[in-house]
Amino acid sequence: MPFEALLTHDIEPIAQNSSSINYSKLPYLLHQHTLSYNYSATLMRLQYNKKTKAEAAEILALAPSYNQYVSSDVRDGNAVREQLAALPGAVKEVEFLERSFDGNYLYGAQANEQIFKKEAHKYGIIHMAMHGLVNNEYPKFSSLVMDKAPSSSEDDILYAYEIQNMQLNPDLVVLSACETGVGKFQQGEGVLSIGRGFMYAGTPSLVMTLWSLNDYSGSQIIENYYQALNKGMDKDEAMKWAKLEYLEENDDLLSHPALWACYIQMGNTEPLSIKTKTFFGTLLEYWGLILAGICLSLGSVYYFHSSRKQA
(Lines give C-alpha, C1' and ligand atoms only; values in the text may rest on other atoms or scores of the structure.)
Protein backbone atom coordinates (compact mmCIF):
# COMPACT_ATOMS: atom_id res chain seq x y z
CA MET A 1 0.00 0.00 0.00
CA PRO A 2 1.49 3.40 -0.95
CA PHE A 3 1.11 5.58 2.13
CA GLU A 4 1.92 8.69 0.08
CA ALA A 5 -1.61 8.62 -1.37
CA LEU A 6 -3.37 8.71 2.02
CA LEU A 7 -5.17 11.97 2.81
CA THR A 8 -4.19 13.96 5.91
CA HIS A 9 -7.62 15.48 6.62
CA ASP A 10 -11.24 15.26 5.57
CA ILE A 11 -12.31 16.78 2.28
CA GLU A 12 -15.65 17.73 0.81
CA PRO A 13 -17.76 14.74 -0.28
CA ILE A 14 -16.65 13.64 -3.72
CA ALA A 15 -19.18 14.30 -6.46
CA GLN A 16 -20.64 11.43 -8.48
CA ASN A 17 -18.86 12.73 -11.56
CA SER A 18 -15.23 11.89 -10.82
CA SER A 19 -14.06 13.73 -13.96
CA SER A 20 -14.73 17.03 -12.13
CA ILE A 21 -12.21 16.27 -9.37
CA ASN A 22 -8.76 17.83 -9.55
CA TYR A 23 -6.76 15.08 -7.89
CA SER A 24 -3.56 17.15 -7.86
CA LYS A 25 -5.00 19.42 -5.16
CA LEU A 26 -5.93 16.74 -2.63
CA PRO A 27 -4.11 16.76 0.76
CA TYR A 28 -1.88 13.73 0.26
CA LEU A 29 0.49 12.56 2.98
CA LEU A 30 3.14 12.97 0.28
CA HIS A 31 3.08 16.74 0.86
CA GLN A 32 4.01 16.41 4.54
CA HIS A 33 6.34 13.42 4.80
CA THR A 34 9.08 11.54 2.99
CA LEU A 35 8.40 7.82 2.94
CA SER A 36 10.41 4.71 2.18
CA TYR A 37 9.68 1.03 2.68
CA ASN A 38 11.30 -2.22 3.75
CA TYR A 39 10.44 -5.89 4.21
CA SER A 40 11.72 -6.13 7.77
CA ALA A 41 13.85 -4.40 10.39
CA THR A 42 16.53 -7.05 9.90
CA LEU A 43 16.78 -6.39 6.17
CA MET A 44 16.79 -2.64 6.78
CA ARG A 45 19.77 -2.98 9.13
CA LEU A 46 21.69 -5.10 6.62
CA GLN A 47 20.97 -2.67 3.79
CA TYR A 48 22.12 0.36 5.73
CA ASN A 49 25.32 -1.42 6.71
CA LYS A 50 26.10 -1.75 3.00
CA LYS A 51 27.35 1.73 2.19
CA THR A 52 26.91 3.31 -1.22
CA LYS A 53 30.09 3.19 -3.29
CA ALA A 54 32.02 6.46 -3.43
CA GLU A 55 32.67 6.46 -7.18
CA ALA A 56 30.02 7.74 -9.58
CA ALA A 57 27.80 4.95 -10.85
CA GLU A 58 27.23 4.08 -14.49
CA ILE A 59 23.84 2.78 -15.64
CA LEU A 60 22.84 -0.43 -17.37
CA ALA A 61 19.38 0.16 -18.86
CA LEU A 62 17.18 -2.12 -20.96
CA ALA A 63 14.12 -1.33 -23.08
CA PRO A 64 12.86 -4.31 -25.15
CA SER A 65 10.75 -3.70 -28.25
CA TYR A 66 8.86 -7.04 -28.19
CA ASN A 67 9.01 -7.50 -31.94
CA GLN A 68 9.61 -11.19 -31.37
CA TYR A 69 7.20 -13.48 -29.55
CA VAL A 70 7.82 -13.72 -25.83
CA SER A 71 6.29 -15.37 -22.80
CA SER A 72 3.56 -13.39 -21.12
CA ASP A 73 2.26 -15.99 -18.70
CA VAL A 74 3.39 -18.94 -16.64
CA ARG A 75 0.95 -21.71 -15.78
CA ASP A 76 2.08 -24.61 -13.60
CA GLY A 77 5.67 -23.64 -14.36
CA ASN A 78 5.26 -23.80 -18.15
CA ALA A 79 5.67 -20.72 -20.30
CA VAL A 80 2.74 -19.74 -22.51
CA ARG A 81 3.97 -17.65 -25.42
CA GLU A 82 2.14 -14.77 -27.05
CA GLN A 83 2.83 -11.26 -28.34
CA LEU A 84 3.29 -8.43 -25.83
CA ALA A 85 2.58 -4.79 -26.61
CA ALA A 86 5.42 -2.35 -27.20
CA LEU A 87 6.13 0.21 -24.45
CA PRO A 88 6.97 3.62 -25.96
CA GLY A 89 7.25 5.19 -22.50
CA ALA A 90 9.85 2.61 -21.48
CA VAL A 91 11.96 3.45 -24.54
CA LYS A 92 11.56 7.15 -23.71
CA GLU A 93 12.90 6.52 -20.18
CA VAL A 94 16.03 4.81 -21.45
CA GLU A 95 16.59 7.44 -24.16
CA PHE A 96 16.49 10.13 -21.45
CA LEU A 97 19.04 8.23 -19.37
CA GLU A 98 21.29 7.75 -22.39
CA ARG A 99 21.28 11.49 -23.13
CA SER A 100 22.11 12.35 -19.52
CA PHE A 101 24.33 9.67 -17.99
CA ASP A 102 27.19 7.33 -18.89
CA GLY A 103 26.39 3.67 -19.18
CA ASN A 104 25.24 0.85 -21.43
CA TYR A 105 21.84 1.29 -23.07
CA LEU A 106 20.19 -1.72 -24.68
CA TYR A 107 17.15 -1.49 -26.95
CA GLY A 108 15.10 -4.04 -28.87
CA ALA A 109 16.75 -7.42 -29.41
CA GLN A 110 19.86 -6.23 -27.51
CA ALA A 111 17.74 -6.03 -24.34
CA ASN A 112 17.84 -9.77 -23.83
CA GLU A 113 18.55 -12.12 -20.95
CA GLN A 114 21.92 -13.34 -22.17
CA ILE A 115 23.43 -9.85 -22.40
CA PHE A 116 21.83 -8.80 -19.11
CA LYS A 117 23.35 -11.71 -17.19
CA LYS A 118 26.74 -11.01 -18.76
CA GLU A 119 26.74 -7.25 -18.04
CA ALA A 120 24.65 -6.69 -14.90
CA HIS A 121 27.42 -7.14 -12.32
CA LYS A 122 29.51 -4.33 -13.89
CA TYR A 123 27.15 -1.42 -13.13
CA GLY A 124 26.18 0.61 -10.08
CA ILE A 125 22.63 1.26 -11.30
CA ILE A 126 20.40 -1.17 -13.20
CA HIS A 127 17.29 0.21 -14.88
CA MET A 128 14.78 -2.26 -16.34
CA ALA A 129 11.95 -0.71 -18.38
CA MET A 130 9.86 -3.64 -19.59
CA HIS A 131 6.88 -5.90 -18.92
CA GLY A 132 6.70 -7.49 -15.49
CA LEU A 133 4.50 -10.53 -14.88
CA VAL A 134 3.31 -11.70 -11.46
CA ASN A 135 2.53 -15.31 -10.66
CA ASN A 136 0.82 -15.34 -7.27
CA GLU A 137 0.43 -19.12 -7.19
CA TYR A 138 4.09 -19.79 -7.99
CA PRO A 139 6.02 -16.64 -6.89
CA LYS A 140 9.35 -18.01 -8.12
CA PHE A 141 7.93 -17.82 -11.64
CA SER A 142 7.13 -14.09 -11.48
CA SER A 143 9.28 -12.57 -14.16
CA LEU A 144 10.68 -9.67 -16.16
CA VAL A 145 10.16 -10.21 -19.87
CA MET A 146 12.97 -9.25 -22.22
CA ASP A 147 13.22 -9.27 -25.98
CA LYS A 148 13.68 -12.54 -27.81
CA ALA A 149 17.32 -12.79 -28.84
CA PRO A 150 18.19 -14.75 -31.99
CA SER A 151 20.32 -17.86 -31.46
CA SER A 152 20.30 -17.57 -27.67
CA SER A 153 20.38 -20.41 -25.17
CA GLU A 154 18.19 -18.32 -22.82
CA ASP A 155 14.39 -18.05 -22.98
CA ASP A 156 14.60 -14.26 -22.35
CA ILE A 157 12.26 -14.47 -19.39
CA LEU A 158 14.09 -13.49 -16.21
CA TYR A 159 12.35 -15.36 -13.40
CA ALA A 160 12.45 -14.37 -9.73
CA TYR A 161 14.30 -17.59 -8.80
CA GLU A 162 17.00 -16.77 -11.38
CA ILE A 163 17.41 -13.24 -10.05
CA GLN A 164 17.94 -14.29 -6.44
CA ASN A 165 20.71 -16.68 -7.48
CA MET A 166 22.65 -14.01 -9.39
CA GLN A 167 25.69 -12.25 -7.97
CA LEU A 168 24.86 -8.56 -8.33
CA ASN A 169 26.56 -5.53 -6.84
CA PRO A 170 24.54 -2.43 -7.79
CA ASP A 171 23.72 0.42 -5.41
CA LEU A 172 20.27 0.78 -6.98
CA VAL A 173 17.91 -1.25 -9.17
CA VAL A 174 14.94 0.54 -10.75
CA LEU A 175 12.22 -1.88 -11.85
CA SER A 176 10.09 0.26 -14.13
CA ALA A 177 7.75 -2.60 -14.94
CA CYS A 178 4.28 -3.67 -13.85
CA GLU A 179 3.75 -5.05 -10.34
CA THR A 180 7.41 -5.64 -9.48
CA GLY A 181 6.66 -5.17 -5.77
CA VAL A 182 3.60 -7.44 -5.78
CA GLY A 183 3.50 -11.11 -4.88
CA LYS A 184 2.33 -13.81 -2.53
CA PHE A 185 2.56 -13.08 1.21
CA GLN A 186 4.42 -15.78 3.11
CA GLN A 187 4.56 -15.89 6.90
CA GLY A 188 8.03 -14.99 8.14
CA GLU A 189 9.16 -13.90 4.67
CA GLY A 190 6.80 -11.11 3.68
CA VAL A 191 5.88 -10.43 0.06
CA LEU A 192 7.61 -12.72 -2.45
CA SER A 193 7.98 -10.39 -5.42
CA ILE A 194 10.34 -9.80 -8.34
CA GLY A 195 11.92 -7.01 -6.32
CA ARG A 196 12.51 -9.36 -3.40
CA GLY A 197 14.64 -11.49 -5.74
CA PHE A 198 16.97 -8.55 -6.35
CA MET A 199 17.33 -8.01 -2.61
CA TYR A 200 18.31 -11.68 -2.17
CA ALA A 201 20.91 -11.08 -4.91
CA GLY A 202 22.55 -8.31 -2.86
CA THR A 203 20.78 -5.11 -3.96
CA PRO A 204 20.45 -2.65 -1.04
CA SER A 205 18.02 -0.25 -2.74
CA LEU A 206 15.10 -0.74 -5.13
CA VAL A 207 12.43 1.23 -6.91
CA MET A 208 9.41 -1.05 -7.40
CA THR A 209 5.77 -0.82 -8.48
CA LEU A 210 2.62 -1.95 -6.67
CA TRP A 211 0.34 -2.23 -9.70
CA SER A 212 0.37 -1.93 -13.49
CA LEU A 213 2.20 1.13 -14.77
CA ASN A 214 0.80 3.83 -16.99
CA ASP A 215 3.27 4.31 -19.84
CA TYR A 216 2.75 8.10 -19.93
CA SER A 217 3.03 8.94 -16.24
CA GLY A 218 5.70 6.32 -15.56
CA SER A 219 8.22 7.88 -17.93
CA GLN A 220 7.67 11.35 -16.42
CA ILE A 221 8.14 10.17 -12.85
CA ILE A 222 11.28 8.21 -13.74
CA GLU A 223 12.85 11.23 -15.47
CA ASN A 224 12.02 13.39 -12.44
CA TYR A 225 13.49 10.77 -10.10
CA TYR A 226 16.87 10.58 -11.84
CA GLN A 227 17.09 14.37 -12.09
CA ALA A 228 16.57 14.55 -8.32
CA LEU A 229 19.16 11.83 -7.66
CA ASN A 230 21.61 13.74 -9.82
CA LYS A 231 21.09 16.80 -7.58
CA GLY A 232 22.32 14.78 -4.59
CA MET A 233 18.98 14.04 -2.92
CA ASP A 234 18.46 10.94 -0.78
CA LYS A 235 16.64 8.28 -2.78
CA ASP A 236 13.39 8.60 -0.82
CA GLU A 237 13.53 12.40 -1.13
CA ALA A 238 14.14 11.98 -4.87
CA MET A 239 11.03 9.82 -5.22
CA LYS A 240 8.96 12.31 -3.25
CA TRP A 241 10.20 15.18 -5.45
CA ALA A 242 9.49 13.15 -8.61
CA LYS A 243 5.87 12.61 -7.59
CA LEU A 244 5.34 16.20 -6.46
CA GLU A 245 6.73 17.45 -9.78
CA TYR A 246 4.35 15.15 -11.61
CA LEU A 247 1.40 16.54 -9.62
CA GLU A 248 2.60 20.08 -10.37
CA GLU A 249 2.75 19.39 -14.10
CA ASN A 250 -0.52 17.42 -14.40
CA ASP A 251 -4.00 18.00 -13.04
CA ASP A 252 -7.54 16.62 -13.10
CA LEU A 253 -7.67 12.89 -13.96
CA LEU A 254 -4.01 12.85 -15.03
CA SER A 255 -3.09 13.41 -11.38
CA HIS A 256 -5.15 10.48 -10.04
CA PRO A 257 -3.05 8.41 -7.58
CA ALA A 258 -3.43 5.38 -9.86
CA LEU A 259 -1.01 7.14 -12.25
CA TRP A 260 1.74 8.16 -9.81
CA ALA A 261 1.49 6.34 -6.46
CA CYS A 262 2.51 2.87 -7.69
CA TYR A 263 6.26 3.63 -7.49
CA ILE A 264 7.84 3.08 -4.06
CA GLN A 265 11.39 3.39 -2.75
CA MET A 266 12.53 0.25 -0.95
CA GLY A 267 15.62 -0.27 1.20
CA ASN A 268 18.69 1.95 1.59
CA THR A 269 17.88 5.61 0.95
CA GLU A 270 21.38 7.15 0.96
CA PRO A 271 22.19 9.44 -1.97
CA LEU A 272 24.41 8.15 -4.74
CA SER A 273 26.48 9.78 -7.44
CA ILE A 274 25.65 9.12 -11.11
CA LYS A 275 28.30 9.53 -13.78
CA THR A 276 26.94 12.25 -16.03
CA LYS A 277 27.84 12.77 -19.65
CA THR A 278 30.23 15.66 -20.16
CA PHE A 279 29.88 18.10 -23.06
CA PHE A 280 33.14 16.80 -24.52
CA GLY A 281 31.99 13.17 -24.22
CA THR A 282 28.65 13.94 -25.89
CA LEU A 283 30.43 15.89 -28.65
CA LEU A 284 32.89 13.03 -29.18
CA GLU A 285 30.04 10.54 -29.44
CA TYR A 286 28.19 12.81 -31.89
CA TRP A 287 31.22 13.30 -34.13
CA GLY A 288 32.03 9.61 -33.88
CA LEU A 289 28.66 8.80 -35.43
CA ILE A 290 29.23 11.39 -38.17
CA LEU A 291 32.71 10.02 -38.87
CA ALA A 292 31.34 6.48 -39.06
CA GLY A 293 28.71 7.67 -41.52
CA ILE A 294 31.33 9.40 -43.67
CA CYS A 295 33.56 6.30 -43.68
CA LEU A 296 30.61 4.13 -44.65
CA SER A 297 29.69 6.50 -47.49
CA LEU A 298 33.27 6.66 -48.78
CA GLY A 299 33.53 2.89 -48.61
CA SER A 300 30.34 2.52 -50.64
CA VAL A 301 31.58 5.01 -53.27
CA TYR A 302 34.94 3.20 -53.51
CA TYR A 303 33.22 -0.18 -53.85
CA PHE A 304 30.88 1.15 -56.55
CA HIS A 305 33.78 2.80 -58.43
CA SER A 306 35.89 -0.38 -58.24
CA SER A 307 33.01 -2.51 -59.50
CA ARG A 308 32.45 -0.23 -62.48
CA LYS A 309 36.15 -0.15 -63.30
CA GLN A 310 36.36 -3.94 -63.30
CA ALA A 311 33.28 -4.12 -65.50
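When all heavy atoms of L6 and M1 are compared, the closest pair comes out as CD2-CE, 3.2 Å. Nearest heavy atoms, C178 versus S212: SG-CA, 3.7 Å. Listed here is the closest heavy atom pair of A56 and I274: CB-C, 4.0 Å. When every heavy atom of T276 is checked against every heavy atom of N230, the shortest pair comes out as CG2-OD1, 3.2 Å. Scanning all heavy atoms of the two residues, the minimum distance from D251 to S24 falls at CB-OG, 3.7 Å. Of all heavy-atom pairs spanning L35 and L29, the tightest one is CD2-CD2, 4.2 Å.
Within the 4.5 Å cutoff, no side-chain heavy atoms of S217 are placed close to those of L254. Within the 4.5 Å cutoff, the side chain of P2 has no heavy atoms near those of the Y263 side chain. Side-chain contact between M130 and L62: present, with at least one pair of heavy atoms (C-beta onward) separated by less than 4.5 Å. Between V173 and M208 the shortest side-chain heavy-atom distance does not fall below 4.5 Å.
In this structure, K277 contributes its side chain and E98 its backbone to a donor-acceptor pair below 3.5 Å. A distance-only check finds no donor-acceptor pair linking the side chain of D234 to the backbone of D236 [under 3.5 Å]. For the pair N135 (side chain) and E137 (backbone), a donor-acceptor distance under 3.5 Å is present. For the pair W260 (side chain) and S255 (backbone), a donor-acceptor distance under 3.5 Å is present. H256 contributes a side-chain N or O that, together with a main-chain N or O of A258, makes up a donor-acceptor pair within less than 3.5 Å. In this structure, the side chain of D156 engages the main chain of E113 through a donor-acceptor pair within 3.5 Å. For the pair S205 (side chain) and N268 (backbone), a donor-acceptor distance under 3.5 Å is present. For Y159 (side chain) and L144 (main-chain N/O), no donor-acceptor pair under 3.5 Å exists by modelled atom type. Distance alone, capped at 3.5 Å, is enough to place a donor-acceptor pair between the D215 side chain and the G89 backbone.
Connection of M233 to L229 is not established within any shared hydrophobic cluster, with ILVMFWY side chains joined at heavy-atom distances below 4.5 Å, either directly or through further cluster members. Under the 4.5 Å side-chain contact rule for hydrophobic residues, V145 and I115 share a cluster. In this structure, V207 is a member of the same hydrophobic cluster as L259, with clusters built from ILVMFWY side-chain heavy atoms closer than 4.5 Å.
Among residues at least two apart or in separate chains, there is no ring pair (Phe, Tyr, Trp, His ring centres under 6.0 Å) pair with a member in residues 91-112. Applying the ring pair (Phe, Tyr, Trp, His ring centres under 6.0 Å) rule to pairs touching residues 201-251 yields H127-Y226, sequence neighbours excluded.
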Discussion item. Under the criterion side-chain hydrogen bond (donor to acceptor under 3.5 Å, both in side chains), I'd like the reasoning laid out for Q265 against S36: C-alpha separation, chi angles, the key distance, then a yes or no.
Written reply: CA-CA 5 Å; Q265 181 72 55; S36 62; over 6 Å; no
Fill in: Candidate pair L213 and C262, rule side chain to side chain contact (heavy atoms under 4.5 Å, CB included), full reasoning
CA-CA 7 Å; L213 284 176; C262 61; 3.4 Å; yes
Worksheet item: Please walk me through it: do E58 and I125 pass side chain to side chain contact (heavy atoms under 4.5 Å, CB included)?
Response: CA-CA 6 Å; E58 292 189 349; I125 298 173; over 6 Å; no
Worksheet item: Can you check salt bridge (charged side-chain N to carboxylate O under 4.0 Å, His left out) on K117 and E154, steps first, answer last?
Response: CA-CA 10 Å; K117 286 181 174 179; E154 302 285 356; 3.4 Å; yes
Worksheet item: Please walk me through it: do Y39 and S193 pass side-chain hydrogen bond (donor to acceptor under 3.5 Å, both in side chains)?
Response: CA-CA 11 Å; Y39 287 111; S193 64; 2.9 Å; yes
Practice prompt. Before giving the answer on side chain to side chain contact (heavy atoms under 4.5 Å, CB included), spell out for L158 and I163 the whole-Å C-alpha distance, their side-chain angles and the decisive distance to 0.1 Å.
Written response: CA-CA 7 Å; L158 187 65; I163 296 167; 3.6 Å; yes
Worksheet entry | Stepwise side-chain hydrogen bond (donor to acceptor under 3.5 Å, both in side chains) test for E55 and S273 | CA-CA 7 Å; E55 65 271 16; S273 176; over 6 Å; no
Worksheet item: Between H131 and Y66, does a ring-ring contact (aromatic ring centres under 6.0 Å, His included) hold up when you go through it step by step?
Response: CA-CA 10 Å; H131 282 290; Y66 301 113; 4.9 Å; yes
Discussion item. Let's go through L106 and F116 carefully: what are the C-alpha distance in whole Å and the side-chain angles of both, what is the deciding distance for side chain to side chain contact (heavy atoms under 4.5 Å, CB included) to 0.1 Å, and is it a yes or a no?
Written reply: CA-CA 9 Å; L106 305 174; F116 173 76; 6.0 Å; no
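A salt bridge does not link E95 with K92: every distance from a Lys NZ or Arg NE/NH1/NH2 to an Asp or Glu carboxylate oxygen is 4.0 Å or more. Of the charged side-chain nitrogens involved, none lies within less than 4.0 Å of a carboxylate oxygen, so that K140 and E162 do not count as a salt-bridged pair. Between E4 and K243 a salt bridge is recorded (basic side-chain N to carboxylate O distance below 4.0 Å).
Atom CG of L30 is separated from atom CG of L244 by 4.0 Å, given to the nearest 0.5 angstrom. The line from OH of Y200 to CG of L168 is 15.0 Å long, rounded to the nearest 0.5 Å. The CG atom of L97 sits 12.0 Å away from atom CG of D102, with the distance rounded to the nearest 0.5 Å. Remark: Y23 OH to L26 CG distance equals 7.5 Å, nearest 0.5 Å. Taking CZ from R196 and OG1 from T203, the interatomic distance works out to 13.0 Å, rounded to the nearest 0.5 Å. With values rounded to the nearest 0.5 angstrom, K240 atom NZ is found 12.5 Å from E245 atom CD.
For E248, the CD atom is loosely surrounded, since the number of other residues' heavy atoms within 6.0 Å does not exceed 12. Counted within 6.0 Å of NZ on K25, heavy atoms from surrounding residues, nucleotides or ligands total 12 or fewer; the atom is thus considered open.
Between the side chains of T34 and E237, at least one donor N or O lies within less than 3.5 Å of an accepting N or O. Using a 3.5 Å distance cut-off with no hydrogens or angles, the side chains of S100 and Q227 do not pair a donor with an acceptor. A donor and an acceptor atom, one from each side chain of D147 and Q110, are nowhere located under 3.5 Å apart. Inspection of the S176 and E93 side chains reveals an N or O donor paired with an N or O acceptor under 3.5 Å.
Aromatic ring orientation, Y161 versus F141: perpendicular (interplanar angle above 60°, classes split at 30° and 60°).
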